[in-house]
**Student:** 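Before I ask anything, let me first share the structure, which is written out below as structure tokens.
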Amino acid sequence: MAQAEAQDHGLHGHAAPAPAMAHAEGQQHPIKLYLVVWGWLFILSACSYAVDYFALQGMLRWSLILIFMMLKAGLIVAVFMHMAWERLALSYAIIVPPLVILVFVAIMVIESRYTEITRVLSFGAG
């Protein structure tokens with residue numbers, strides 16, 4: 001009996017903490033949410049294919065394709081990867097680096113155009 005009391009009260013005579021739940025229950029989202037997101041992904045994909053179908057060209061084409069791509073990626077990350085329900089710090093850790101890379105790419109594009117213009121003016125078009 002003393003051994004059973006020692007186990008119940010732990011090493012220092014204090015009551016042992018209640019055992020943690022073996023399985024933590026995750027968030028359960030309604031299936032309707034996933035079906036709505038799937039529908040939006042389908043619509044955005046159809047719009048992306050429509051850009052090619054209607055043979056749009058130039059900056060309009062690439063802008064639309066990139067917009068549809070970013071919207072689809074945002075929906076997937078937010079809902080299917082559960083980022084919409086994560087802590088803000090984790091969201092920033094995943095979202096900020098690609099945005100910083102886009103800023104650096106924009107800076108490189110601006111600098112490359114400046115270099116091209118400078119070379120054409122300095123060395124001629126030949």
**Student:** Is there a path of hydrophobic side-chain contacts, each under 4.5 Å between heavy atoms of I, L, V, M, F, W or Y residues, that connects Ile101 with Ile107?
**Tutor:** no

**Student:** Is the number of heavy atoms from other residues, nucleotides or ligands within 6.0 Å of CZ (Arg119) greater than 12?
**Tutor:** no

**Student:** Measure the shortest side-chain to side-chain distance between Val51 and Leu60 over non-hydrogen atoms and say whether it is less than 4.5 angstrom.
**Tutor:** no

**Student:** For the hydrophobic clusters of this structure (ILVMFWY residues joined by side-chain heavy atoms under 4.5 Å, transitively), does one cluster hold both Phe68 and Trp40?
**Tutor:**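 Cluster IDs for Phe68 and Trp40 match.
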
**Student:** According to the interplanar angle, ranging from 0 to 90°, do the rings of His29 and His82 count as parallel (below 30°), tilted (30 to 60°) or perpendicular (above 60°)?
**Tutor:** parallel

**Student:** Please test Thr115 against Glu111 for side-chain hydrogen bond (donor to acceptor under 3.5 Å, both in side chains), starting from the C-alpha separation and ending with a verdict.
**Tutor:** CA-CA 6 Å; Thr115 302; Glu111 195 257 336; 3.3 Å; yes

**Student:** For Tyr114 and Ile110: C-alpha separation, side-chain torsions, deciding distance, then whether side-chain contact (heavy atoms from CB on, under 4.5 Å) applies.
**Tutor:** CA-CA 6 Å; Tyr114 170 77; Ile110 292 168; 5.7 Å; no

**Student:** Got a second to check how far Met70's CE is from Ile65's CD1, nearest 0.5 Å?
**Tutor:** 14.5 Å

**Student:** First locate atom CZ of Phe104, then atom CG of Leu99, and finally report the distance between them rounded to the nearest 0.5 Å.
**Tutor:**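 Here the interatomic distance stands at 12.0 Å.
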
**Student:** Looking at Ser112 and Val109, would you say the former's side chain and the latter's main chain have a donor-acceptor pair under 3.5 Å?
**Tutor:**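 Yes; judged by distance alone, with no hydrogens or angles, the pair exists.
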
**Student:** Only one of Ile95, Ile94, Val96 forms a side-chain contact (heavy atoms from CB on, under 4.5 Å) with Tyr92, so which one is it?
**Tutor:** Val96

**Student:** Can you hop from Leu102 to Trp62 via hydrophobic side chains spaced under 4.5 Å?
**Tutor:**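 Each belongs to a different hydrophobic cluster.
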
**Student:** May I ask you to decide if the ring planes of Phe42 and Trp38 are parallel, tilted or perpendicular, using 30° and 60° as cut-offs?
**Tutor:**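 Geometry flag for Trp38 against Phe42: parallel rings.
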
**Student:** Going hydrophobic residue to hydrophobic residue with side-chain gaps under 4.5 angstrom, can you get from Ile76 over to Ile67?
**Tutor:**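 In one cluster: yes.
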
**Student:** Rounded at 0.5 Å granularity, tell me how far CE in Met69 sits from CG in Leu44.
**Tutor:** 12.0 Å

**Student:** Please step through side-chain contact (heavy atoms from CB on, under 4.5 Å) for the pair Ser45 and Lys72, ending with a clear verdict.
**Tutor:** CA-CA 8 Å; Ser45 294; Lys72 289 189 295 186; 3.4 Å; yes

**Student:** Same cluster or not: are Val120 and Ile117 linked, directly or through other Ile, Leu, Val, Met, Phe, Trp or Tyr residues, by side-chain heavy atoms under 4.5 angstrom apart?
**Tutor:**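 No: no chain of side-chain contacts under 4.5 Å links Val120 to Ile117.
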
**Student:** To the nearest 0.5 Å, what is the distance between CG (Leu64) and CE (Met59)?
**Tutor:**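 Output value for this atom pair is 11.0 Å.
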
